[in-house]
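This report refers to the structure that appears directly beneath it.
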Amino acid sequence: MKIYTDINDFVEARSKISSKVALIPTMGSLHEGHVSLIKEAKNYADLLIASLFINPKQFDSSSDFSNYPRNIKNDLEIFSKNGIDIVFAPEKSDIYPENFTSIVKIENLNEILEGSFRKGHMDGVSTIVLKLLNLSKPDYAFFGEKDFQQLKLIERMIIDLSIKTEIIPVKTVRNKNGLALSSRNSLLSKEEVILAEEIYKSLLLGIDTYKNGIYDSNQIIKNIENYLLKFPEIKIEYVSIRDKYDFIELKHIDRSFALLIAVYINEVRLIDNMICDLK
Ligand code: PAF
């Protein structure tokens, strides 16, 4: 496994590769969710590039950025053990040199939900992902469905900006009690992990409500909110029901949808979602 921190060296190395290339963009602090991205990438490409860059532009507060878990030694071991060929771990000052002023805005998707609660977050994501795609020119890039709005935003950007990379979504990986794996889970105490597992249960409740014949989104959302109200340590930011494909808010469910949630477990912010496919 080769590790590049210098952008020019990386670009030069990439230019010499003629086989199919997959990119797995990460911010490190890897877990089984990232491993599943890598495993999926192996089904598509001969050469796997993983990027490791904690993107400051997608954090809406400096404390969230500085508290974001970091474990580079462990990350490199996981990359190496799982067959990554190249790690691209650039310096912040090389990605965003002095006078960097560009922002990629994917309108309609950048200011709702995640973008509304975390100002500038979605713009930070689209900006760094476009940059990573430009530098690594992958045939395929892999993103987890856990960050569903991020996935929709990137899919839109690929179409709108005629980018020649195919985006491959990968299913959310959960712990045995349903908690979606996330780097932020490492910030939870044991008791908070048990509380966080209620997020999954609340989503299941939402899907069950729908399956029992309630198609009114407000009623489903109310059910979820009432369920989570029992846990004072859980503070809901949003629960939303959106079209699975174009991410339009659904008041009445008549097509495949994503049920999305963001909560705080005490100080730790977590997001999750469940997709329901209608035949
Ligand atoms: O999902 C993530 O880990 C990040 O948002 C990404 C896609 C690596 C961009 O920084």
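Counting from 1, the numbers follow the sequence of the chain as shown. One-based numbering, in listed order, for ligands and for the atoms of each. Please read all numbers here as calculations on a predicted model, not as lab measurements.
- Classified by interplanar angle (parallel below 30°, tilted 30° to 60°, perpendicular above 60°), the ring pair F142/Y44 is perpendicular.
- Between F148 and F247, the ring-plane angle classifies as tilted under the 30° and 60° cut-offs.
- With distances taken over non-hydrogen atoms, the option nearest atom 7 (C) of ligand 1 out of H121, Q150, K57, M122 is Q150.
- Listed by atom number, the atoms of ligand 1 under 4.0 Å from Q58 heavy atoms are 4 (C), 5 (O), 9 (C), 10 (O).
- Ring orientation note: the planes of F117 and Y238 are tilted relative to one another, at an angle of 30° to 60°.
- Shown in contact with F143 at under 4.0 Å from a heavy atom are these atoms of ligand 1, numbered in order with element: 7 (C).
- Against a heavy-atom cut-off of under 4.0 Å, I128 is close to the following atoms of ligand 1: 9 (C), 10 (O).
- Using a 4.0 Å cut-off to heavy atoms of M27, the atoms of ligand 1 that qualify are 3 (O), 4 (C), 8 (C), 10 (O).
- Between F88 and F10, the distance separating the two ring centers is shorter than 6.0 angstrom.
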What verdict does the side chain to side chain contact (heavy atoms under 4.5 Å, CB included) test give for Y200 and L179, after you've listed the backbone C-alpha separation in whole Å, the side-chain angles of each residue and the deciding distance to 0.1 Å? CA-CA 6 Å; Y200 176 67; L179 173 64; 5.9 Å; no
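- Taking every heavy atom of P25 and a limit of under 4.0 angstrom, the matching atoms of ligand 1 come to 8 (C).
- Residue-level proximity to ligand 1 for T26 is carried by the backbone, the only part with a heavy atom below 4.0 angstrom.
- Geometrically, R70 engages F65 in a cation-pi contact defined by less than 6.0 Å to the ring centre and at most 45° from the axis.
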